[in-house]
Amino acid sequence: MKNQEVAKLLYEIADLLEIEGVEFKPRAYRKAAQNIESFSIDIEELYKKNELKSIPGVGKSIEEKIREYLETGRINKLEEMRKRIPIDIESLSKIEGLGPKMIKALYEQLGVKNLDDLEKAAREGKIRKLRGFGEKTEKNIIENIEIARKRQERFLLGFALKDALEVIDLIKGHVEKISLAGSIRRRKETIGDVDILAIAKEPHKIMDIFTSMKKVEKVIAKGDTKSSVRLYGGLQVDLRIVDKESFGSALQYFTGSKEHNIELRKIAIKKGYKLNEYGLFENDLRIAGEDEEKVYKMLGMQWIPPEMRENRGEIELALDGKLPKIVEYEEVKGDLQMHTVWSDGANSIEDMVEEARRLGHKFIAITDHVGSLKIAGGMDEKKVIEQGKEIEKLREKYDDIYIFHGVEANIMKDGELDVSNSLLKDVDVVLASVHTAFRMNEEEMTARVIKAIKHDYVDIIAHPTCRIIQEREPIKVDIEKVLQSAKDNNVVMEINAYPDRLDLNDINTKLAVEIGVKLSIGTDAHTIDHLRYYELGTAVARRGWAKKEDIINTYTVEELKKLFGK
DNA sequence: GCCGTTTTCGGCCCGACTGTTTTCAGTCG
């Protein structure tokens, strides 16, 4: 699927156009890029069917460029622009306070093309002399270069969420109301910073508590309405105090996404209203603002769960009153992938059972590695049988949780599993996944995974694309074909809930739901501490619009046994 | 460059903040 690839090029064209001072076109390109990037249909399929224009925001001209790229591997106009403006915009625009206009001025007047040039010019005191720039701007640039170099891109949701919830815990006793906002409230897989909103009678007292927390490394800004801190580890947290009558609209506004908000504001305009962070206004009269639900209601639409607010079609559905009822966090009743000391996990089966009970799970699947993955302690048939006996004993001891005996087998290069059927036939649930030979072409890799899907004993394909966020690209598979095959063969696809996997991701989950594939949530826990990540899996499910019936972790133990053929 | 329940031409989201200015452009979220 080349959607991300094409989107990236369109974003680059947008950046370059903006540098050139072209109006409105950058917005058009970005809009098209955004839609392509979150489109669950393969852009190459649309191209073959001559339906590229069915993507919102893609008209004659952008269609032509996509066509050119898919046919020749390049876009002439982009190549020309790159030659004309040889600037590393991507890294330069990461500098806080540096936008296209300033990048353009720096290039034209000082020849700044990249971070190194920028730093040199700043340190030599050349920037302050430019019209529109000054000493302060130059000083900020120097500081922000350091930060941009040090900062590792974005933070994983799973890690940031823990810090964010701890911050809220510290403050919530002192405020009237408090909520996460921003991408972390939408449970995006990575987040830039944490946004928190609160109502407070004595703002500066709250700000004192906030800025003097133990985990604060640096106070970036401190005022009565907004303070920002950087925690140890680099995560930035912003706390805003808002008025009670604006809390809902501020929450809506700061939750985003930006694209979602833009659409909402257009709807407001059509109705003759104005929507901003202070409320929804008819003339100067505030007709909604205190609660978020009412803001949506007054715009004539259903309230939209934060996880869905990405402008991927949710607004149209909410206007029609046809939003799908997505799975709720408390409907997920168990965890279907985890490891123990029987392979590469750190805890015993009983430890995992105890912790799962504490989390309120009704069932878990112990899915230790089997077969050739010796580095992960892959068990042989004899050990699997022994493990089964231990699980049987624990089932007798605990009657409030059911323990499925599972295994995780490897899908070898040829699509066969690395263990015999005799090992698999007696366990309750068989996960299969790719752990080796990640670099295969799409055709071979797709065939490999589909062969595993068709295997007699495979119930679930675990971490289907094998990506590691910010570390390893997904394997090259034709995800639509894989999902269709899963549907045809009644095989479940996993949403791996481990913080750096989240695989399937939100977009592929949405596609799976559309195709009708059942999904399972597994934490892939290797210690008892990892078990709490199951909520991240639910978050991905919600971002992919999965309903309760799409997620097998909402089933009863009896229903699961039936599904696994036991 | 795209788009249309005001439009096939003329619009394209909104407000705050910063740093530079002396009334505002640029950037950010």
Side-chain angles (χ1 to χ4, degrees), chain A residues 10-11 13-36 52-66 77 92-106 127-141 143-144 181-186 188 191-197 220-221 223-226 228 236 238 240 242 246 249-281 299-300 309 311 315-316 319:
Chain A
L10 296 180
Y11 279 126
I13 294 177
D15 286 342
L16 289 163
L17 284 168
E18 195 150 40
I19 295 272
E20 290 195 318
V22 179
E23 279 191 291
F24 302 112
K25 288 188 190 181
R27 194 177 304 174
Y29 275 97
R30 285 205 184 101
K31 186 152 185 143
Q34 194 230 332
N35 287 329
I36 289 167
L52 284 171
K53 277 191 180 166
S54 67
I55 304 171
V58 175
K60 191 162 171 267
S61 177
I62 293 182
E63 181 201 24
E64 195 44 54
K65 290 185 180 66
I66 298 171
K77 182 180 156 117
L92 284 177
S93 53
K94 275 188 191 144
I95 304 294
E96 179 90 22
L98 215 55
K101 295 276 160 50
M102 290 168 88
I103 291 175
K104 186 184 184 206
L106 289 165
I127 291 176
R128 68 178 71 182
K129 292 178 188 145
L130 301 184
R131 188 178 167 76
F133 293 74
E135 260 181 73
K136 211 149 189 179
T137 306
E138 188 176 87
K139 193 167 150 270
N140 283 342
I141 286 175
E143 271 182 31
N144 288 328
S183 53
I184 198 164
R185 182 168 179 238
R186 303 200 312 278
K188 215 173 159 207
I191 59 146
D193 54 24
V194 174
D195 289 309
I196 300 174
L197 294 186
I220 298 166
D224 268 358
T225 58
K226 187 194 165 190
S228 296
Q236 183 174 324
D238 296 347
R240 284 188 172 78
V242 299
S246 295
S249 46
L251 189 58
Q252 194 290 313
Y253 176 85
F254 287 109
T255 296
S257 67
K258 197 176 161 190
E259 291 74 18
H260 176 92
N261 285 358
I262 287 172
E263 294 309 311
L264 242 53
R265 254 176 249 137
K266 286 185 196 163
I267 291 166
I269 291 169
K270 264 189 203 156
K271 289 185 173 290
Y273 302 154
K274 187 179 69 168
L275 176 64
N276 58 31
E277 60 263 52
Y278 300 108
L280 181 66
F281 296 90
L299 288 172
R309 299 183 196 172
N311 193 23
I315 291 174
E316 292 79 355
L319 283 168

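Proteins get letters first, then strands, A, B, ... in listed order; numbering begins at 1 in each.
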Original post:
Only one of A/Ile62, A/Leu16, A/Val22 forms a side-chain contact (heavy atoms from CB on, under 4.5 Å) with A/Tyr29, so which one is it?
Top reply: A/Ile62
Subject >> B/dG19: pairing nucleotide in any strand, Watson-Crick or G-U under 3.5 angstrom >> reply: B/dC24
Original post:
If we only count heavy atoms from C-beta on, is the A/Arg309 to A/Glu263 side-chain gap below 4.5 Å?
Top reply: no
**OP:** Measure the distance from CD on A/Glu18 to C1' on B/dG1 and round it to the nearest whole Å.
**Re:** 14 Å
Subject >> Interatomic distance, A/Ile13 CD1 vs B/dC2 P [rounded to whole Å] >> reply: 11 Å
Original post:
Listed by chain and number, what are the side chain to side chain contact (heavy atoms under 4.5 Å, CB included) partners of A/Lys129, not counting sequence neighbours?
Top reply: none
Original post:
Rounding to a whole Å, what distance do you find between A/Lys31:NZ and B/dC12:C1'?
Top reply: 9 Å
**OP:** Nearest whole angstrom, please: distance from the P of B/dG29 to the CD1 of A/Ile191.
**Re:** 13 Å
**OP:** Check every strand shown and say whether A/Ile262 touches a base, only sugar-phosphate, or nothing at a heavy-atom separation below 4.0 Å.
**Re:** base
Original post:
When you compare B/dA16 with B/dG11, how far apart are their P atoms, in angstrom units rounded to a whole number?
Top reply: 25 Å
Original post:
When the distance from CD1 of A/Ile66 to C1' of B/dC2 is rounded to whole Å, what number comes out?
Top reply: 13 Å
**OP:** Could you give the distance separating B/dT20 and B/dG26 at their P atoms, to the nearest angstrom?
**Re:** 14 Å
Subject >> Which residue lies more 5' along DNA chain B, comparing A/Glu23 with A/Tyr253 via nearest heavy atoms >> reply: A/Glu23
**OP:** Only counting residues at least two apart or in another chain, list the ones meeting side chain to side chain contact (heavy atoms under 4.5 Å, CB included) with A/Glu63.
**Re:** A/Asn50, A/Leu52, A/Lys53, A/Val58, A/Arg67
**OP:** Among the candidates B/dG15, B/dG29, B/dG1, find the nucleotide nearest to the side-chain atoms of A/Lys258.
**Re:** B/dG29
Original post:
Who are the side chain to side chain donor-acceptor pair (under 3.5 Å) partners of A/Thr255, not counting sequence neighbours?
Top reply: A/Arg185
Original post:
Within this structure, what is the CG-to-P distance between A/Asp238 and B/dG29, rounded to whole angstrom?
Top reply: 9 Å
Original post:
For atom C1', what is the distance between B/dT6 and B/dC12, given to the nearest Å?
Top reply: 15 Å
**OP:** Could you work out the separation of B/dT8 and B/dC3 based on their P atoms and round it to a whole Å?
**Re:** 16 Å
Original post:
Taking only residues at least two apart or on different chains, which pairs with a member in residues 131-141 of chain A satisfy salt bridge (charged side-chain N to carboxylate O under 4.0 Å, His left out)?
Top reply: A/Arg128-A/Glu138, A/Lys139-A/Glu143
Original post:
Of A/Asn276 and A/Lys65, whose nearest nucleotide on DNA chain B comes first from the 5' end?
Top reply: A/Lys65
Original post:
Rounded to the Å, how far apart are A/Arg27 CZ and B/dG11 C1'?
Top reply: 10 Å
Original post:
Who pairs with A/Ser54 by side chain to side chain donor-acceptor pair (under 3.5 Å), at least two apart in sequence or on another chain?
Top reply: none
Original post:
Can you name the residues that form a side chain to side chain contact (heavy atoms under 4.5 Å, CB included) with A/Ile269, not counting sequence neighbours?
Top reply: none
Original post:
When the P atoms of B/dG1 and B/dT7 are considered, how many whole Å apart are they?
Top reply: 25 Å
Original post:
When rounded to the nearest Å, what value does the distance between C1' atoms of B/dT22 and B/dT18 take?
Top reply: 16 Å
Subject >> Where protein sits on nucleotides 16-28 of chain B, one letter per nucleotide: B base, S sugar-phosphate only, - none, heavy atoms under 4.0 Å >> reply: S--SS-----SSS
Original post:
If we only count heavy atoms from C-beta on, is the A/Asp195 to A/Ile184 side-chain gap below 4.5 Å?
Top reply: no
Close N/O contacts between protein and nucleotides 3-9 of chain B (under 3.5 Å):
| from | atom 1 | to | atom 2 | distance (Å) |
| --- | --- | --- | --- | --- |
| B/dC3 | OP1 | A/Gly57 | N | 2.8 |

**OP:** Would you kindly give the CD-to-C1' distance between A/Glu64 and B/dG1, to the nearest whole Å?
**Re:** 14 Å
Original post:
Mind checking what makes side chain to side chain contact (heavy atoms under 4.5 Å, CB included) contact with A/Ala268, not counting sequence neighbours?
Top reply: A/Tyr273, A/Leu275, A/Leu280, A/Leu299
